[in-house]
Each structure stands twice: as C-alpha cells, then as structure tokens.
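Report on one structure; see the data block that follows.
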There are 2 protein chains.
Amino acid sequence: MALINRLDARDPGFATALRNLLAFEATQDESIDRAAADILHAVRTRGDDAVLEYTRRFDRVQADSMAALEIPKDSWHAALASLPAAQRQALEAAAGRVRAYHERQRGETWTYTEADGTVLGQKITPLDRVGLYVPGGKAAYPSSVLMNAIPAKVAGVPELIMVTPTPDGVRNPMVLAAAAIAGVDRAYAIGGAQAVGALAYGTAVIPAVDKIVGPGNAYVAAAKRRVYGTVGIDMIAGPSEILIICDGQTPADWIAMDLFSQAEHDELAQAILLCPDAVYLDQVAAAIDRLLPTMPRADILRTSLANRGALILVRDLDEACAIANDIAPEHLEISTADPEKWADRIRHAGAIFMGRYSSESLGDYCAGPNHVLPTSRTARFSSPLGVYDFQKRSSLIQVSRQGAQTLGRIAAELAYGEGLQAHAGSAEYRLDKP
Amino acid sequence: MALINRLDARDPGFATALRNLLAFEATQDESIDRAAADILHAVRTRGDDAVLEYTRRFDRVQADSMAALEIPKDSWHAALASLPAAQRQALEAAAGRVRAYHERQRGETWTYTEADGTVLGQKITPLDRVGLYVPGGKAAYPSSVLMNAIPAKVAGVPELIMVTPTPDGVRNPMVLAAAAIAGVDRAYAIGGAQAVGALAYGTAVIPAVDKIVGPGNAYVAAAKRRVYGTVGIDMIAGPSEILIICDGQTPADWIAMDLFSQAEHDELAQAILLCPDAVYLDQVAAAIDRLLPTMPRADILRTSLANRGALILVRDLDEACAIANDIAPEHLEISTADPEKWADRIRHAGAIFMGRYSSESLGDYCAGPNHVLPTSRTARFSSPLGVYDFQKRSSLIQVSRQGAQTLGRIAAELAYGEGLQAHAGSAEYRLDKP
C-alpha cells in the first residue's frame, strides 16, 4: 500500500478530493474550555495561591511560594555556558540572523504638515509588557523562544516575561539558553491555563502583561481565547502545513525529506507536493518508501502522510500556482527553475521558499524570517509573526486654527447629516466666524 | 445635583474611584450568542434561502430572491446625485482627505540580498475580497462607510462587498452615496448574523470574503466572533471614550461640547476631563449645566455623564499624562499650550488630538486618520483601523547554494537538538559536502 495519497488535477472528482484532504475543523472541546475557564477564574480571584496550587498538582513541582518558581537569570546563563560549543554557536548564529531580518520590520513614527499648518501622522510605540508562553516537556523548542522573543525585543518591548511549565521540576537548558540569547527579561516555571491567567490578570508576583504570544496545548489555547480583549494574543495555530511546487528537476530525495520535515511535527501535519511530471511523482513516492523506515519518527510520518499527505499531478506550473493560492499554505516551497516567476503569481502564503536550496527547515531555524506563520488558510488575511505585532499605532491630529476653519465646516455638515449635534457644535465652536 | 462626577487625584480613594468609573465588563449574552450560532448554521447549510427568510422576518423586506436584495450600483449614484450640494461636497472632501492620509500607510514589498546571494524579504499583498458591514436604521453612518471602505481600496482590495440591513425596505441615501464615493464594488440589503454568515461562508449569490469589518449590534458582534478564523475580522468595539487633558486655558464651552460629542453616542459612552485647575473644572461644570438642556440628545448625555463621565482634578499635567497612559483611551485630546511636549509622554491612545483647535469631531469625519479606534484599554496593544488591516505579508526566502552551506549546518545542529531528524536531513541534503 502506498504511504502517501496520489491525486490527479485532471480527474473530475479532484476539487472534492482536495477539499476533503484539506478539511480540518478545529473542534473546541467543551470540557477543556470549561476547565480553562475555571482555572482562569481561580487565578483571577486568588492570584498566586491558585497558580501555585495548579503548578504543584499538574506539574508535580515542589515549591513553597511563587517566588520559588521564578527561574533566576544566572541559571539561564549557566545553561547557555553548559551547552556544547556547536549548539551554542548555532543558537547564537540563528538569533543574529533572526534579529537582522526583523530589524527591517520596525515601524517608525511619521507625520506630514499641510499648507495651513495642520499636522497629521501616526505615532508608533512598543507594547509595555509581553508574556511569552513556551511549552514544556518534549515540545520545548528553543527555536520557538528565539522566534517569539526577538521580534518583541526588536520592537522595543521593555519587559518580556517567559513562562514555561517544568514537569517534575525539570528545566530545559536549551530553552533557558535561548531566553538568555533572545533577551527575555524574567522567567517563571509555570504553564497551562494558570500561567495564561497570571499573565493576563497579574498576581502579586507576576505583573499583568499587554499581550501573550507563543504556542501551547489545548488548555493554553482555550485560555488565550478567553483572555483575548483583556490582553492581545497571537494567532491560535492549527496543524502545520507545507505545499511544494516542483518542476520535477530537484533530487527526489530532497523533496521527500522536505515533506517529512513537515509531517514529522505531528499526525495532523499536512505535506503536499504539486508537480506536472508523473514520472517524477513516482520517484518521490519511491524515495518516501525507501527513506521513511529510516526515520526516527516513522510512526508519526506514516499517519500524517497517509491521512493528510498527497502527491498531486497538475497540468502545469500555472495550475500549481492557482491551487497554491486556493490552499493559501503556511509554507510554500517553489522548487523550480526561475522560482521568482512563479512566486510573482502567489497571492496567499505564510512563507515562500524559492529555489531548490531553500528547504523549509532553513527557514524554521535560521534564515531570518519568522517561523510563526498563519495556518489553515488564514494566510488569506494574516501574516507571519513580526515586529509589527509588538508595536501599535496612535493617530496624530494637530489641526491649526486655519485648518479648523475648513475642517470644521465639513465636519459640521456631516455631523448634522448623522444627527450628532454635539459633534457639529464642537466643530463650530472652533470657527472664527460661525 | 451635578450632571457629571467630580474626582480629585489627591484623594486617598482616587485609584479605586477611577477604576470603578472605568469598569466595563462586556457581558456576552448567552441567548444572543445561541441565536447567532443558529443563524450561522442555517446560512452555512441552506445558503441564500436562509438569508432570504431571515431578511424577510427581521427586516420586513419583501423580496422574492437574493438577487432582488442586491442594491444596484446606479441607485448609489442616483443617491449621490440627489444629496444637497453641501452634503455631497462635504462627503467628497472628507473622502479625499481620508484617502490622502491612508495612502501613506500602504506597505510595500521589500527584499535584500546577502553577500552569498541569499535573498530575504517580505511580500505585501492585498486581501482578495472584503465584506463591509454597515448598520441600518438610525445608526447608519455614512462616515463609517468612508472610514472602513477607503483603507481597503487604498490597500488594493479588488472586491469590497457592502451589506446593510434596510428595515421595511428603507435604503439610506447618504450611506449609498458614501459607498459610491468610497469605491465599494457591490452592495446587498441584508444585515444581522445572516449577513455575516453569507459573507463568511458564501452563498450561491454572495461570494465568500476573506475578512469582515464594520460595526454592528450584539447579534452581528456575536456572529463575527464565531466566524473568526474562517475569515478575519476587525476588532469588536466597546463603548466609545474620550479623555481630555486641559491646562485650563481652552474656552470652557469648547471642552464641555467636546465631552458631549462623545457622550451623545450612547448611554455607555465615556467622557473624562483631566485638569490641574479646580476653578476651570467649575467653569466646565457650569458650561455643562448651561449647555446640556439645549442639546437634542440631552437624555443620552445626562445618563452617560452621570454614570460614566468625570471631571478630575490632577496635581499637574505630568500626572494627567500618567493617568492617560493607564486609561489608554480611544480618543485623547491634549488641549494645552505646547501639546507636542505632552503628546511625547503618551504611550497608549487610539488617536491623539493636539492643541485647542483639534476637536475629536474633526477627526471623526474629515481630518484624515481613521475613526475606527481601539476601545476599552485595548490601545495598549492595538491600533486604529488602517491600510495594514487589508494587506498581509508573506516571508520571502531564496537561499543560494552557497548560503545553504552555512544555513544548513546551523539548522541541522538545532534540529538535532530538538529531535527533529527530518528537518536536519532536509538541510543536510543541500550541503555540498555533508
């Protein structure tokens, strides 16, 4: 039996088959949502006591006080110093590249002055305080710390507070090392909905933040949804996806491994290849058959590729681009000659990897752009995490006395039309000759 | 009895009193949410038939088909031609100024090339299709059409679809005229949760959009919350607010009317004045007493000012700025000498109106910046509606063969550290000498 689905865009049932393959309904589990709500309520009303109780119970951490759950900064630096040199250098090189890229995203305040002296513009300021959630246990990824923390610090956020659960008290040295490199300001060994509540509402020990970012399990996601409005949140991510467009000239093993690199994340991850060359698709299928048994995460790969993966024969690369725009993938590899030509036709994708050497994994770690990207077709209306997520804008309006004469008459006319007489009166008071 | 509350920042109970004044918990009505969910489900499964039924029932509109609910474009232009000349000119002047301001917000694609030939950047593209909700009845504001539609068209959105309920079939000519001026592409006489559902899921007649913006009642807000993820949405606004910082030198009547211009929106609107001059606060209070009975919306003003308004005596303008940063108001007027000096200290506000001539009402209609602004302290982490809400970004990553040698080693090192062997393998395949 084939390890991955095969589709042909010329089949009459193709549109339906593709729709079924892509279908993913994020079902919200009612009991998880209820549990998250209860935890948030407890943290909101009982503060540190509640956070401490949940942390003892869920993470089996022995701690007498919230203060004991702070992870002191010197231990991050000790963790960094203890890493093998190659790993430390790789983390630092990645951080440097991510920082350099994100520095180009920083927005700047602008203003302009009109002929009558009226000044208009937009002031850009960083958020005061941001919370960064880092999952614990197996999915504790130092690269995620870099990708979430660096844009916040480049934006100028003065205080970045990391929370990460430490089941059985085990602290992940690579995560702590990444926090040291990325410029995190404080860290607490707490997680789950209780950590989200502490960050959103504040406790005696943990100050309330303005925004919470970072991935988490279903309880964390439910808690983030519920505190949205009190604080800002980043997107709640769906399963990760890659779509590869290939002209059939990239080594088949490379493409098979690129598909694996997405599929190995979890059973729901999605890996799809579009190619106009049926023989090449056979070669990739053969590479998958040959390579998959050698992979440590073969079980996850098997499930993910069988349920959600596909090799799709398309008429040509034009059709591949049209399908890509419909899918609006999180990651899009354009593994072809003249990748710029095809990238120009792409309207919706979180990240576009161009050319045979641009594997997604380079972007995941160190190319520079962010690896937090819109999933589940949301690239139609949203963007990679960036510095702009940690800055906000305030309109600037300084109307001159002369400007108030022109603007006041327009505003009063429209305000009367809308039946808002105080709006009109407020404008008319500024007229020299009403 | 005084028409507005008085507070003194030097009182020991001030912090609590201010917190109580600001307190506003957006209670979500469970029955409204349930009704919205049912309507969305009906529209999703039965399409136009469901939309038509709800529109007949809720808006008492006689229509045989969805096609009959399209508001033809020539009727917009007829509406525009039928307006009094002054009103038409005011709408066009406002639209011109809003367009000129927003054109400065347009983001542009950027790339840079590294020494080894690797190209990195960010591609900026408009959303394909946007839905604009415009409330019907009394709150049908043409200025809201301009403020929501113009940024979308400046962003380059090819298709902007307006929906607006027309109770008893009555169509608002100023709203249609504003749609013509702002460049809306299609309009339908539908509203409520059924219109949100039609835009989010698409029907045979109405195409699915990528984002829905615009204000609406509680059913519309509940429906928008529920379709978020399937489409993007703008913020769900709380009650409107103004905070005025005054040095006591602006005519008291002007400031009283500025407070009214916020309070007249609805009973929950909030109008607060901060001033270090107690005598001036008395003058403003007297102006309120004198002017309020002359206002057509006196009843709304009375409720709003009594429940949520305040004149607050502060020690000095420094303290006023600190309080403003804590409140993070939607609208902030700095009605003082040297307003730039104080504006520099403001970190959180949706819009900052500087100087005695910059009344909020000028910004509401025609200064240029958007009047859709973050409410309820969300200016701590969010921004005015803008062109950036109708554009999205895709990361561009084109790694050269030479670049893949450097990046591949870094990525592989980190991938092994995270236990993601396919990520490492994918990077290592691109190495000339593994």
Side-chain angles (χ1 to χ4, degrees), chain A residues 86-87 90 93-94 101 120 125 127 141 143 174 210-211 232 254 257-258 260-261 264 296 347 349 351-355 357-359 361-363 365-369 380-384 392-399 401 404 407 410-411 413-414 417-418 421-423 425-427 429-430, chain B residues 86-87 90 93-94 101 120 125 127 141 143 174 210-211 232 254 257-258 260-261 264 296 347 349 351-355 357-359 361-363 365-369 380-384 392-399 401 404 407 410-411 413-414 417-418 421-423 425-427 429-430:
Chain A
Q87 210 168 55
Y101 177 86
L120 300 172
T125 43
L127 276 63
Y141 292 147
S143 59
M174 271 187 92
D210 300 301
K211 186 165 191 168
W254 296 17
M257 194 60 80
D258 293 356
F260 289 175
S261 76
E264 76 176 338
R347 298 195 313 283
I352 305 174
F353 295 81
M354 299 155 69
Y357 283 90
S358 303
S359 70
S361 61
L362 302 183
Y365 289 108
C366 58
R380 291 175 297 125
F381 55 83
S382 46
S383 301
K392 71 280 190 311
R393 305 165 178 97
S394 303
S395 305
L396 295 174
I397 302 173
Q398 185 166 19
V399 180
R401 179 171 177 170
L407 297 184
I410 299 170
E413 178 68 37
L414 296 173
E418 294 185 351
Q421 282 81 358
H423 283 68
S426 179
Y429 274 144
R430 270 79 176 182
Chain B
Q87 210 168 57
Y101 177 87
L120 300 172
T125 43
L127 277 64
Y141 293 147
S143 60
M174 272 187 91
D210 300 300
K211 186 167 191 166
W254 296 18
M257 194 61 80
D258 293 357
F260 288 176
S261 76
E264 75 175 340
R347 299 195 312 282
I352 305 174
F353 296 78
M354 298 154 71
Y357 283 90
S358 303
S359 70
S361 61
L362 302 182
Y365 289 108
C366 59
R380 291 176 297 125
F381 53 83
S382 46
S383 301
K392 72 283 192 303
R393 306 166 177 94
S394 303
S395 305
L396 294 174
I397 303 172
Q398 185 165 19
V399 180
R401 180 172 178 169
L407 297 185
I410 300 170
E413 178 69 36
L414 295 173
E418 294 185 351
Q421 282 82 357
H423 282 68
S426 179
Y429 273 145
R430 270 81 176 181

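Here the structure is a predicted model, which means the values were calculated and not measured. Naming: A, B, ... by sequence-line order, numbering from 1 per chain.
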Of the non-hydrogen atoms in A:Arg393 and B:Pro384, which two are nearest, and what is the gap between them?
-> O-CD, 3.1 Å

Quick one: what part of A:Pro296 sits under 4.5 Å from any heavy atom of chain B, side chain, backbone, both or neither?
-> side chain

Go through the steps for A:Ser359 and B:Tyr429 under the test side chain to side chain contact (heavy atoms under 4.5 Å, CB included), then give the verdict.
-> CA-CA 9 Å; A:Ser359 70; B:Tyr429 273 145; over 6 Å; no

Please state whether the side chain, the backbone, both or neither of A:Ser382 comes within less than 4.5 Å of a heavy atom of chain B.
-> backbone

Chain A shares the most heavy-atom pairs under 4.5 Å, among B:Met354, B:Glu264, B:Met257, with B:Glu264

A:Thr125 versus chain B, the contacting section by heavy-atom distance below 4.5 Å = side chain

Ignoring hydrogens and angles, tell me if any N or O in the side chain of B:Ser358 forms a donor-acceptor pair with the backbone of A:Val399 under 3.5 Å.
-> yes

First locate atom CZ of A:Arg430, then atom OG of B:Ser361, and finally report the distance between them rounded to the nearest 0.5 Å.
-> 7.0 Å

Looking only at B:Leu120, B:Ile352, B:Ile410, the option with the highest number of non-hydrogen pairs under 4.5 Å against chain A is B:Ile352

Closest non-hydrogen atom pair between A:Arg380 and B:Leu127, with its separation = O-CG, 3.6 Å

Point-to-point distance, once rounded to the nearest 0.5 Å, from NZ of B:Lys211 to CZ of A:Phe381 = 8.5 Å

Any idea which heavy atoms bring A:Gly417 and B:Gln87 closest together, and the distance?
-> CA-NE2, 3.7 Å

Without swapping roles, check the side chain of A:Ser383 against the backbone of B:Lys392 for a donor-acceptor pair under 3.5 Å.
-> no

Find the distance between NE2 (A:His423) and OH (B:Tyr365) and round it off to the nearest 0.5 Å.
-> 5.0 Å

Looking only at B:Gly368, B:Ala349, B:Gly355, B:Gly425, the option with the highest number of non-hydrogen pairs under 4.5 Å against chain A is B:Ala349

Search all heavy atoms of A:Gly363 against all heavy atoms of B:Ile397 and return the closest pair with its distance.
-> CA-CD1, 4.2 Å

